[in-house]
Amino acid sequence: MLVFALFSIRRAWQGFWRNALMSLAATLTMVLMLTLLAGFFVLQNVLLASLSYVEQKVEVVAYIENTATQEQVDALVSQVQAMPEVASVEYVSRDQALANFRAQLQAQGRPDLTANLDQNPLYASINVKLHDPAQLNTVVSAIHDDPIVRSVINIQALVDRVLTFTGIVRTAGVVILGIVGVIVLFIIVNTIRLAVVARAEEIEIMRLVGASDAFIRWPFVFEGALVGLFGALITLGMLALAADPLSKAMVNFFNVLPIELGSVGRDTAALVLGTGLGVGVVGAWVSVRTYLIR
Amino acid sequence: MLVFALFSIRRAWQGFWRNALMSLAATLTMVLMLTLLAGFFVLQNVLLASLSYVEQKVEVVAYIENTATQEQVDALVSQVQAMPEVASVEYVSRDQALANFRAQLQAQGRPDLTANLDQNPLYASINVKLHDPAQLNTVVSAIHDDPIVRSVINIQALVDRVLTFTGIVRTAGVVILGIVGVIVLFIIVNTIRLAVVARAEEIEIMRLVGASDAFIRWPFVFEGALVGLFGALITLGMLALAADPLSKAMVNFFNVLPIELGSVGRDTAALVLGTGLGVGVVGAWVSVRTYLIR
Amino acid sequence: MTSHEPASPSLLGRLTGRSRPVRTSRDVVVLHDVSKRYPNGRLALRDVDLVVPEGDFVFLVGPSGAGKSTLMRLLIRDELATQGHVVVDGNDLAQLKRRAVPKVRRKIGIVFQDFKLLPRKTVWENVAFALEVTGTPRSRIRPAVDRVLALVGLTAQAEQVPNQLSGGEQQRTAIARALVHDPRIIIADEPTGNLDPVISWELIQLLLRINELGVTILMATHDAEVVTALRKRVVALEEGRIIRDELGATYHRED
Amino acid sequence: MTSHEPASPSLLGRLTGRSRPVRTSRDVVVLHDVSKRYPNGRLALRDVDLVVPEGDFVFLVGPSGAGKSTLMRLLIRDELATQGHVVVDGNDLAQLKRRAVPKVRRKIGIVFQDFKLLPRKTVWENVAFALEVTGTPRSRIRPAVDRVLALVGLTAQAEQVPNQLSGGEQQRTAIARALVHDPRIIIADEPTGNLDPVISWELIQLLLRINELGVTILMATHDAEVVTALRKRVVALEEGRIIRDELGATYHRED
Ligand SMILES: Nc1ncnc2c1ncn2[C@@H]1O[C@H](COP(=O)(O)OP(=O)(O)OP(=O)(O)O)[C@@H](O)[C@H]1O
Ligand SMILES: Nc1ncnc2c1ncn2[C@@H]1O[C@H](COP(=O)(O)OP(=O)(O)OP(=O)(O)O)[C@@H](O)[C@H]1O
Ligand SMILES: [Mg+2]
Ligand SMILES: [Mg+2]
């Protein structure tokens, strides 16, 4: 068994270098394709994170009548808080609302005209964040019926739009990643198959001198694995080198979006290695098979 | 000559179908790669259009002292208008500014508190649009020195940021398009080379029975062109089918950005056809060459 | 010149009675009523009956296209007979499980008419290949290959690849590969077609010596001189039929 | 048995004087002081002088590895001599421009020792190939191919691809391809190696008839019977040297 494994690995190694042209072509194709796949995967992750962030921003704002007592407000807050769809509730008093407004004006560099006011024209409000923006309606109607609520800002249309948009982008992302994945798989399997076809003669002779199927198959499978492994390692090396400057650049320019990308690095490595090895092995296995069934 | 062309084309056609496995593999690779290229090209164009739109938004706002006379304002406007960097100048009077502000508040669903004002707290302004946001500084300093200008909004930092951002995205876009392009070229040339290598024997025999270089080369070149042509046509067919729903979807969700994409369709078609044919022909030419120089 | 009698008629009798032939230790190759029609419709063998006892030396002669190579291809199960039974060393090839095929092939050493050498491997590697892929430990490969290359006179060419060899050298490489694993049966398809008379004779002497050790030899050839000189068993094919099967015969029919 | 005298010693004389040999209408093949060392260091030909007048019939004999195929490869400029001059039909091959090489090759019909048939083309297409790629109009290809296939007896196999052919049939396909464009010189490298005696003789008769039409024939062979029977010019190589060049000779040296 060990002898057999050693033999297969040695032959795979020899085969790889003996057909250097084919092998390097296959490896390079593998590298390029895996880079593409990894790139799309990372983009897809960034996209998903950004979308979650955008969706987080969806909140329900209910303006409170000035006549409402603090107890009524507290009751409303705790009632809303109790709803399973709700993530968090924040009460903004009238004074706070005015302060926010002033700060906002200042930040935008616009003249502050509230100084000329004799009374605070703003209403207090409660701002509700949801677990899932799709459940907006339930929450809105619940709040709307409370007597102390003056009005609920009609953000239904906006939310719908954001939801449809993020949904579409998400689907498109998955579809594109899927298409790129299929392209990658196809091209790698194809390259490996061509490499095997180019050695049909060798397989033929092996059969005729009495090699068993395992002796014919495994060296090719290991060779496919070798192509996959080399391809994946080179890709990961390149990505590792590129990751630092890239993520710095991202932090610099996207710092508006505090995106969580903790495990993307690990996931990408797993994806690249898995795809490389998997496609190499399966591609070789399938390609050799057609020659064995005779 | 005609006999030769006919011969080459006939042989190319035969060669294509006789090595159907190789040819179809090459064509499919071509299709996938061209689709990728076209996809990136379109994305890149959408991106560029979006960026121009964003950059268009960069404008200089100069607030005018309430003491300025209409003549002074007119003089300033025409002076600014005369600057070569400036695309357009708009004068917004104090009344207009207040009207805009009110409209804006209403649009945002916020309470209108301007009704309580005894006087208009806003200043008149001139809003300057630039041809190229990079020339902001010149314009700002020119305006700033005018006595009737109260202040120029300090959007320098923001503009810098937008410019750096769009610059980076643009460069990244070009770089990514370049990388994808190189990947595409490499893989197609490689596929064609493998197809030629697989027929080294045929070339050898042609040489030995006294075929001239042209007779050896051109059938292969035409075969490469055939692969390129088929690949490009299939790709364009697929794109044409996909274009309508895609652009509808885009119009639906990106209608905030009135992007001009008039000639992208034509450009993409030219790119796909050109790349397909070019790479097919050049790849075949180069691949055959190594066998002729002996 | 006596016409050759089948060595064990009882086997043939048994074969006709039951569909599964029984193994005998005496006959290594038995063809019973074999026909081969290629997929394109060409009938390359018709109703061939042939029994080769262990240790026999058989010349297979006949004009080009008579079916000699086809018969040999049936013996290593490269092709299956469309009719009849092919039994090699007691195994009915048509009934053989896929997994058992390599075992049978390893008992046979075959010299292909078109050599079937690997163009990217050297002479040494081409010969070693047959041992490697059947799982021979490396320690035994080296001496075996060196020995057999010396035997066919290719020691000096060991490091050349096939297209750096003369036709005869390629043929001798193919012969070395067929001998290297000490097969019990050697099937040689025109092994002297590209050899000069001197080397041809050396090769024949080699085969005779191997034959004396008990190895069965089946050799297709057009070399009338060799066949006539050796006076071994001659099986003549014509248009797929055995038209002559004589012991101690010459290349041409002696009337 | 008279030793062969170079047909036009004056040419040889002139060759030694000037580096550029002059065209003569009489000698189609002239090798002057030719040596060939392969890149791996093997010296396949040493100081070979050979003059073949137009219309000659020359047997090239010698043991395996003597350099016969190498000599033929030099004539079609598949390899270049490392020393000396190779002149074919008045063209010094070393001086020949790349563009002129195909023209010279078209004057030659060559039967390769390993056939060099295209595996994906049928017999008919393989033969037609040699005409197609040299720009022959289609209308002339069909009758020419049909005629030459009939000549070598392969009409029935016209639609088979090489691996559906017997060894001899493959060899005859290669011969047909060498004949189909009416070459002025035919170079045949062991064209009878895989043929039975009857077909061998038919082929030799064919070559003799072609030779009588004025076509020069150079044939490498190990077939002692044929060489001895025909009593044509015999050039014997050994270890890359010409050791014998006799008219009306036999395969083996007659001492
Ligand atoms: N794979 C195949 N498909 C179809 N026909 C075939 C195939 N192989 C061989 N033939 C035909 O079968 C016949 C017998 O072929 P075979 O190779 O057995 O002849 P042979 O006796 O070995 O001849 P030779 O002495 O020329 O090698 C020939 O006419 C050949 O054309
Ligand atoms: N491409 C090559 N590179 C290196 N050595 C070579 C090459 N081709 C042939 N040789 C060597 O040159 C010598 C002569 O080879 P050549 O093919 O000319 O012999 P030959 O006379 O045709 O023999 P045969 O009768 O066996 O065909 C041989 O020893 C061979 O090993
Ligand atoms: Mg045969
Ligand atoms: Mg030779």
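In this text, all values refer to a predicted model and were calculated from it rather than measured experimentally. Residue numbering restarts at 1 for every chain, and letters A, B, ... go by the order of the sequence lines.
Distance CG/A/Leu292 to CE/A/Met206: 9.5 Å, rounded to 0.5 Å. Once rounded to the nearest 0.5 Å, the distance linking CD1 of C/Ile210 with CD1 of C/Ile217 reads 5.5 Å. How far CZ of C/Phe57 is from CG of C/Leu207: 5.5 Å, rounded to the nearest 0.5 Å.
Taking the six-membered ring for Trp and the full ring otherwise, A/Phe215 and A/Phe4 have centroids separated by under 6.0 Å.
Annotation: maximal heavy-atom pairing with chain A below 4.5 Å, among C/Glu132, C/His181, C/Lys103, occurs at C/Glu132. Contact count against chain C (heavy-atom pairs under 4.5 Å) is highest for A/Ile205 among A/Asp213, A/Ile205, A/Val209. Here C/Asp78 is the residue among C/Ile76, C/Asp78, C/Val104 with the most heavy-atom pairs under 4.5 Å with chain A.
Between C/Glu212 and C/Arg209 there is no salt bridge, since none of the side-chain N atoms of the basic residue sits less than 4.0 Å from a carboxylate O of the acidic one. With respect to C/Glu54 and C/Arg184, a salt bridge is recorded, a charged nitrogen being found less than 4.0 Å from a carboxylate O.
With a threshold of 4.5 angstrom between heavy atoms, C/Arg99 does not approach chain A through any atom at all. Contact annotation for C/Glu125: only side-chain heavy atoms (C-beta onward) come within less than 4.5 Å of a heavy atom of chain A. For C/Pro119, the part lying under 4.5 angstrom from a heavy atom of chain A is the side chain only. Looking at A/Arg11, only its side chain comes within 4.5 Å of chain C, counting heavy atoms on both sides. Heavy atoms of C/Leu117 lying under 4.5 Å from chain A belong exclusively to its backbone. Using a 4.5 Å cut-off between heavy atoms, C/Lys121 contacts chain A through both its backbone and its side chain.
The aromatic rings of C/His85 and C/His32 sit parallel, their planes meeting at an angle under 30°, below the 60° perpendicular limit.
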